[in-house]
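One structure below.
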Amino acid sequence: DDNYTHILTETKGKVGLITLNRPKALNALCSDLFTELNQALKSYDNNDNIGAVVITGSKKAFAAGADIKEMKDNTFIDTYKNNFLGHWAEMIDIKKPIIAAVNGYALGGGCELAMMCDIIYAGEKAVFGQPEIKLGVIPGAGGTQRLVKAVGKSKAMEMVLTGNVNLNATEALNLGLVSKVVPIDDLVDEAVKTAGVIASMSQPSVQMAKEAINKSFEVPLNAGLRWERIFFQTLFGTADQKEGMNAFAEKRAATFTNK
Ligand code: CAA
């Protein structure tokens, strides 16, 4: 419904669905694609009718990484001066939960994009890897940081240092990188279903829950616990807390108004 070149967007109830759409390049994440992705995410974040977002790719590739052909002639000075890949991190400020539905390759920046999302669902043939070392570089969008937290140091080192130790869907599930493995054809529907459940909750509580969990990656435990309690206390200022707790006491379903 929007004028994007490299992505498709559609809404499914209260869920925004973004499909990366550069099939000929296996959804290589060129700079313009990421700019469009950020625009679409921000527009969903500002849309009161949307409660959660799903990002997916094609059945062959979620995304095969940053666009190697686009960046191959970059110089150090260009990349440093222009803060190359810096704009990728804008999606970290999106308040609404984002689910990555990964079919096929999630390599390099593709794996990093998936890890910037809040939940990852994998199709049965998904492949996660960080092959940048084979290009003479290293992961540049979180692979050396988020992957460690997801799969532990030894596996992350093995993946990043060899570039050819990839995780299949089952391995990714067992290591905790993804939370569910789904048949390929059902993957997007399953992700949209979960996003729909999230979107049916009170948005202030959903967004504070996301922010609180993300604090656990950023600050020491005592500070994270303090953030959590303040968010919890804050939610008593919402009508939805009254509605949610009254509905429980009255044995009926809650109707949230996001206020
Ligand atoms: N950048 C640019 N183009 C890419 C690409 C990428 N990351 N990945 C694939 N493509 C292109 C190929 O060049 C090819 O284009 P042409 O048809 O014009 O030749 C097309 O997509 C199809 O790819 P293949 O023919 O290679 O498909 P395949 O099925 O034989 O192999 C693959 C699939 C194993 C994923 C292989 O394409 C591949 O290894 N891709 C590169 C993976 C990679 O190194 N990713 C890391 C990028 S660096 C990075 O991401 C930095 C960072 O941390 C942010």
Side-chain angles (χ1 to χ4, degrees), residues 1-2 9-19 37-56 89-102 113-121 146 149-150 173 176-180 182 186-259:
D1 45 354
D2 289 296
T9 60
E10 66 186 294
T11 55
K12 304 242 178 198
K14 291 180 175 176
V15 177
L17 174 61
I18 300 174
T19 304
L37 179 60
N38 283 329
Q39 280 170 4
L41 287 169
K42 277 176 204 168
S43 136
Y44 283 138
D45 222 23
N46 292 327
N47 181 342
D48 288 341
N49 299 319
I50 295 293
V53 179
V54 172
I55 301 177
T56 194
E90 285 171 26
M91 68 178 279
I92 296 311
D93 294 327
I94 299 298
K95 285 179 160 286
K96 290 173 187 169
I98 306 170
I99 302 180
V102 176
L113 169 60
M115 292 190 293
M116 282 196 279
C117 297
D118 302 304
I119 296 171
I120 307 177
Y121 281 3
R146 293 194 181 93
K149 289 177 170 131
L173 180 70
L177 177 64
V178 311
S179 54
K180 193 184 264 189
V182 181
D186 302 337
L187 175 69
V188 174
D189 287 347
E190 193 67 19
V192 168
K193 200 168 115 194
T194 298
V197 170
I198 294 168
S200 75
M201 303 299 165
S202 170
Q203 290 311 297
S205 60
V206 164
Q207 294 180 16
M208 285 189 206
K210 167 171 169 165
E211 199 171 344
I213 290 176
N214 281 332
K215 286 285 174 212
S216 77
F217 293 95
E218 296 162 3
V219 302
L221 180 63
N222 59 349
L225 291 169
R226 187 80 189 116
W227 274 103
E228 179 191 68
R229 196 181 311 131
I230 288 181
F231 284 139
F232 178 74
Q233 292 165 349
T234 300
L235 287 165
F236 283 80
T238 64
D240 283 345
Q241 172 270 327
K242 300 288 174 296
E243 166 63 9
M245 292 194 182
N246 281 323
F248 176 83
E250 292 160 17
K251 300 188 190 299
R252 60 174 176 84
T255 309
F256 294 123
T257 55
N258 301 326
K259 294 202 165 78

Notebook entry, point to check: Which pair of non-hydrogen atoms, one from A40 and one from T9, has the smallest distance, and what is that distance?
Noted result: CB-CG2, 4.0 Å

Check: Hey, mind stepping through C117 and I55 against side-chain contact (heavy atoms from CB on, under 4.5 Å) and telling me if it holds?
Finding: CA-CA 8 Å; C117 297; I55 301 177; 4.1 Å; yes

Note to self: Using 0.5 Å steps for rounding, measure from the CE atom of M116 to the CD atom of E90.
What the structure shows: 10.5 Å

Check: What is the minimum heavy-atom distance between A199 and A52, and which atoms define it?
Finding: CB-N, 4.1 Å

Margin query: Testing the basics here: between I119 and S179, what is the closest heavy-atom pair and its distance to 0.1 Å?
Written below: CG2-OG, 3.5 Å

Next item on the list: State, yes or no, whether a side-chain contact exists between L113 and L37 at a heavy-atom distance under 4.5 Å.
Entry: yes

Checklist line | Donor-acceptor pair, side chain of N47 and main chain of S43, under 3.5 angstrom | finding: no

Next item on the list: Any chance you could lay out the side-chain contact (heavy atoms from CB on, under 4.5 Å) test for I98 and L41, step after step, and finish with the verdict?
Entry: CA-CA 9 Å; I98 306 170; L41 287 169; 3.9 Å; yes

Check: Is there side-chain contact between D118 and N214, with at least one heavy-atom pair below 4.5 Å?
Finding: yes

Item checked: Nearest-0.5 Å distance, CD of residue Q241 to CZ of residue F256 -> 10.0 Å

Check: Where the side chain of S216 meets the backbone of I213, is there a donor-acceptor pair that is under 3.5 Å apart?
Finding: yes

Item checked: Shortest non-hydrogen contact from S202 toward S205 -> O-OG, 2.8 Å

Next item on the list: Please report the shortest heavy-atom distance between G224 and V219, naming the atom on each side.
Entry: N-CG2, 3.4 Å

Next item on the list: Hey, could you give me the CE/CG distance between M245 and D240, rounded to the nearest 0.5 Å?
Entry: 11.5 Å

Check: Going by the angle between their ring planes, with limits at 30° and 60°, are F231 and W227 parallel, tilted or perpendicular?
Finding: tilted

Next item on the list: Would you please test I99 and V15 for side-chain contact (heavy atoms from CB on, under 4.5 Å) and show each step?
Entry: CA-CA 10 Å; I99 302 180; V15 177; over 6 Å; no

Next item on the list: In sequence, state the C-alpha distance, the side-chain angles, and the governing distance for V53 and D45, and then conclude on side-chain contact (heavy atoms from CB on, under 4.5 Å).
Entry: CA-CA 9 Å; V53 179; D45 222 23; over 6 Å; no

Item checked: G196 backbone acceptor or donor facing K12 side chain under 3.5 Å -> no

Next item on the list: Determine yes or no for a side-chain-to-main-chain donor-acceptor pair under 3.5 angstrom, with N258 supplying the side chain and Q203 the backbone.
Entry: yes

Notebook entry, point to check: Say you draw a straight line from CD of Q207 to NZ of K210; how long is it, rounded to the nearest 0.5 Å?
Noted result: 8.5 Å

Note to self: Quick check for you: to the nearest 0.5 Å, what is the distance between T238 atom OG1 and K259 atom NZ?
What the structure shows: 12.0 Å

Item checked: Point-to-point distance, once rounded to the nearest 0.5 Å, from CG of L177 to NZ of K149 -> 14.5 Å

Note to self: Looking at every non-hydrogen atom in both residues, tell me the closest pair between V102 and I120 and how far apart they are.
What the structure shows: CG2-CG2, 3.8 Å

Notebook entry, point to check: Taking atom CD of E190 as the centre, does the number of heavy atoms from other residues, nucleotides or ligands within less than 6.0 Å exceed 12?
Noted result: yes

Check: Between the side chain of E243 and the main-chain N/O of T255, is any donor-acceptor distance below 3.5 Å?
Finding: yes

Next item on the list: Not counting sequence neighbours, list each pair that qualifies as a salt bridge (charged side-chain N to carboxylate O under 4.0 Å, His left out) and has a residue in residues 91-100.
Entry: K95-E211

